[in-house]
S.K.: 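Can you read through this structure? Questions will come right after.
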Amino acid sequence: MTSGTTPGPAPAAAGGRAPRVVLGVAGGIAAYKAALLLRELTETGHDVTVVPTAASERFVGRATWEALSGHPVATDVWTSASEVPHVRLGRHADLVVVAPATADLLARAAHGLADDLLTNVLLTATCPVLLVPAMHTEMWQHPATRANVALLRERGTTVLEPASGRLTGADSGPGRLPEPADIAAAARRLLGSGARGQDLAGRRVVVSAGGTREPLDPVRFLGNRSSGRQGVALAAAAAARGARVTLVAAHLEVPVPAAVDVVRAGTAVELAEAVTAAADGADAVVMAAAVADFRPAARATAKIKKGEDPGQDPVVVLERNPDVLAGLVAARAGAPSPVLVGFAAETGDEHGGVLEHGRAKLARKGCDLLVLNEVGETRGFATATNEVVLLGADGSERTVPESSKDVVADAVWDAVVPMLAAITTTPENPWTGAP
Ligand code: CTP
């Protein structure tokens, strides 16, 4: 682990100035996390003005916002009225983010109310708007909130899905504010963040995600715990950066992202076929799927019965699945295209540390980049489970300390983009979108 990857500096807005972000904070307990988001945005070069609602000041006082943003803070339209802040802020912003957005704030925004400074800003903003909901599960799932969110999205407002997990008190479920790093990543995407922006425009990429399932009989399978979240984040990030994306999806526990072509694959063999077909002519293939190395040699056509005699208990014989990544490396036969990215979860053992195992796997697989995730504890990692290291075939090594899958996804594409420079793009037909 030699160097850290932090989100890059903010893109300069028109005229070379720092991008102006209005950070709205509504009255929910998650308001305290907005302070971390504010810090992340200011530290990456954004000029942030905080507009809290009056209710949010019960959770975080304005001194915190003023100190962290370096700007005065108001909640109503009467403060500094001569500057007409409710029009000026909205008009001049490059992005408005509201985090947390409560059920009440979503309702007011959906219905165009303008009873405080923040809702006035939302009505006067001509820039992208990002709303980040946080509330109790029942409130999030209430038909009124669902309808408000649908209306806002229909109008082009980006409303993030809340995270699932522990809420205020003992309850847990969907309704948590996503992590500040995830919100910042979404904000940067909406701002068209600098060099990132549309840096995959004109590229066609393939991402595999999720865990394969190898059938034993019509109702049972050998599977794994992969949720597919990282692969889905990679596909979403590539699409946001302008790529045409094929997501080859094995079993996923998360919804597929918008704006990507999805090909479903159940088994490793099906996934191998789908990835190989999609890889033809692609610029990059990222193998984030957890592909079973083995499958049952025989698949029973009828459900396997327990039977009376324990001596007759079935024995499962396994046979090897194809190594999809190795197949892609062989198929490109030394050509630079497509760029190939593998994933590996490793532990250290008596034969070497995580990095040694990662390097050996990178060499063995012959891919261009290996996203190494340590499972367990060895030197070099403080909090092992949350870090990945990007190992390049050129010997490069970059640590991504953030745990967020979106941050990791952008870091992977950041590493892939320079590798794509050697591959020329085929201009798309502007009428059909086809090469
Ligand atoms: N992979 C693949 N085909 C397989 C198994 C794995 O393409 N049959 C890909 C994975 O998607 C991942 C990379 O290879 O990108 C590394 O997977 P991993 O399971 O760590 O590699 P193995 O070669 O199976 O090594 P190990 O013996 O450590 O499990």
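Computed from heavy atoms alone, side chains included, the values below leave out hydrogens, waters and symmetry copies. Predicted model, so just to flag it, every value in this text is computed and none were measured. Counting convention: from 1, in listed order, for ligands and their atoms alike.
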S.K.: I'd like to check which ligand 1 atoms, numbered from 1 as shown, lie under 4.0 Å from a non-hydrogen atom of Met287.
M.R.: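 Those of ligand 1 that fall under 4.0 Å from Met287 are 7 (O), 11 (O), 12 (C), 15 (O).
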S.K.: Any donor-acceptor pair under 3.5 Å linking the side chain of Arg332 with the backbone of Pro338?
M.R.: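 Yes, the answer is positive, given that a donor and an acceptor are paired below the 3.5 Å cut-off.
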S.K.: Tell me the protein heavy atom at minimum distance from atom 7 (O) of ligand 1, and give that distance in Å.
M.R.: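 The closest heavy atom on the protein side is Leu325 N, 2.8 Å.
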S.K.: Does any N or O in the side chain of Arg203 come within less than 3.5 Å of the main-chain N or O of Leu420, such that one atom is a donor and the other an acceptor?
M.R.: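 Side chain of Arg203 to backbone of Leu420, a donor-acceptor pair under 3.5 Å: yes, one is there.
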S.K.: Is the backbone N or O of Ala26 less than 3.5 Å from a side-chain atom of Thr102, with the two atoms forming a donor-acceptor pair by type?
M.R.: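 Not confirmed, Thr102 side chain does not pair with Ala26 backbone.
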S.K.: Does a donor on one side chain and an acceptor on the other come within less than 3.5 Å for His251 and Arg213?
M.R.: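 Yes, a side-chain donor-acceptor pair sits under 3.5 Å.
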S.K.: To check your reading of the model: name the closest protein heavy atom to atom 23 (O) of ligand 1, its residue, and the distance in Å.
M.R.: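 Closest protein heavy atom to atom 23 (O) of ligand 1: Lys365 NZ, 2.9 Å.
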S.K.: Identify, for atom 13 (C) of ligand 1, the protein heavy atom at the shortest distance, and state residue, atom and that distance.
M.R.: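 I find the closest protein heavy atom is Phe343 O, 3.2 Å.
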S.K.: Give me the residue, atom name and distance of the protein heavy atom closest to atom 10 (C) of ligand 1.
M.R.: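 Checked against all protein heavy atoms, atom 10 (C) of ligand 1 sits closest to Ala289 O, 3.7 Å.
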S.K.: Tell me whether ligand 1 is touched by Asp323 - counting only heavy atoms on the residue side and a distance under 4.0 Å.
M.R.: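 It does, in that a heavy atom of Asp323 comes within the 4.0 Å cut-off of ligand 1.
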S.K.: I need the nearest protein heavy-atom contact for atom 5 (C) of ligand 1: residue, atom name and distance, please.
M.R.: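 Going by distance alone, atom 5 (C) of ligand 1 is nearest to Asp293 OD1, 3.2 Å.
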S.K.: For ligand 1, is any non-hydrogen atom under 4.0 Å from Val291's backbone (N, CA, C, O), its side chain (CB onward), both, or neither?
M.R.: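 Answer for Val291: both.
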S.K.: Using heavy atoms and a threshold below 4.0 Å, how should the contact between Pro322 and ligand 1 be classified: side chain, backbone, both, or neither?
M.R.: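 Backbone only.
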S.K.: Indicate yes or no: does an N/O atom of Val341 lie under 3.5 Å from an N/O atom of ligand 1?
M.R.: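 Looking only at distances, the answer is no, because the N/O contact criterion of under 3.5 Å is not met.
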S.K.: Measure the NZ-CG distance between Lys361 and Leu370 for me, rounded to the nearest 0.5 Å.
M.R.: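 If I round to the nearest 0.5 Å, the distance is 7.5 Å.
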S.K.: Tell me whether Asp94 contacts the main-chain N or O of Val21 through its side chain, where contact means a donor paired with an acceptor under 3.5 Å.
M.R.: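 Answer holds: no.
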S.K.: Starting from atom 21 (O) of ligand 1, what is the nearest protein heavy atom, named by residue and atom, and what distance separates them?
M.R.: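 Nearest neighbour among protein heavy atoms for atom 21 (O) of ligand 1, to 0.1 Å: Lys361 NZ, 3.3 Å.
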S.K.: Is a side-chain donor or acceptor of Thr246 paired with a backbone partner of Ala278 at a separation under 3.5 angstrom?
M.R.: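 Checking the backbone N and O of Ala278 against the side chain of Thr246, no donor-acceptor pair under 3.5 Å is found.
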S.K.: Which protein heavy atom lies closest to atom 3 (N) of ligand 1, and at what distance to 0.1 Å?
M.R.: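 Its nearest protein heavy-atom neighbour is Val324 N, 3.0 Å.
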S.K.: Between Arg295 (side chain) and Thr267 (backbone), is there a donor-acceptor pair under 3.5 Å?
M.R.: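 Not a single qualifying donor-acceptor pair exists.
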S.K.: For ligand 1, which atoms sit closer than 4.0 Å to a heavy atom of Gly342?
M.R.: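 The atoms of ligand 1 under 4.0 Å from a heavy atom of Gly342 are 15 (O).
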S.K.: Checking contacts now, so for atom 17 (O) of ligand 1, which I'm interested in, is there any protein heavy atom under 4.0 Å?
M.R.: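 Protein heavy atom within 4.0 Å of atom 17 (O) of ligand 1: present.
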S.K.: For Cys367 and Val341, run side-chain contact (heavy atoms from CB on, under 4.5 Å): C-alpha distance rounded to whole Å, both residues' side-chain angles, the deciding distance at 0.1 Å, then the answer.
M.R.: CA-CA 6 Å; Cys367 53; Val341 182; over 6 Å; no
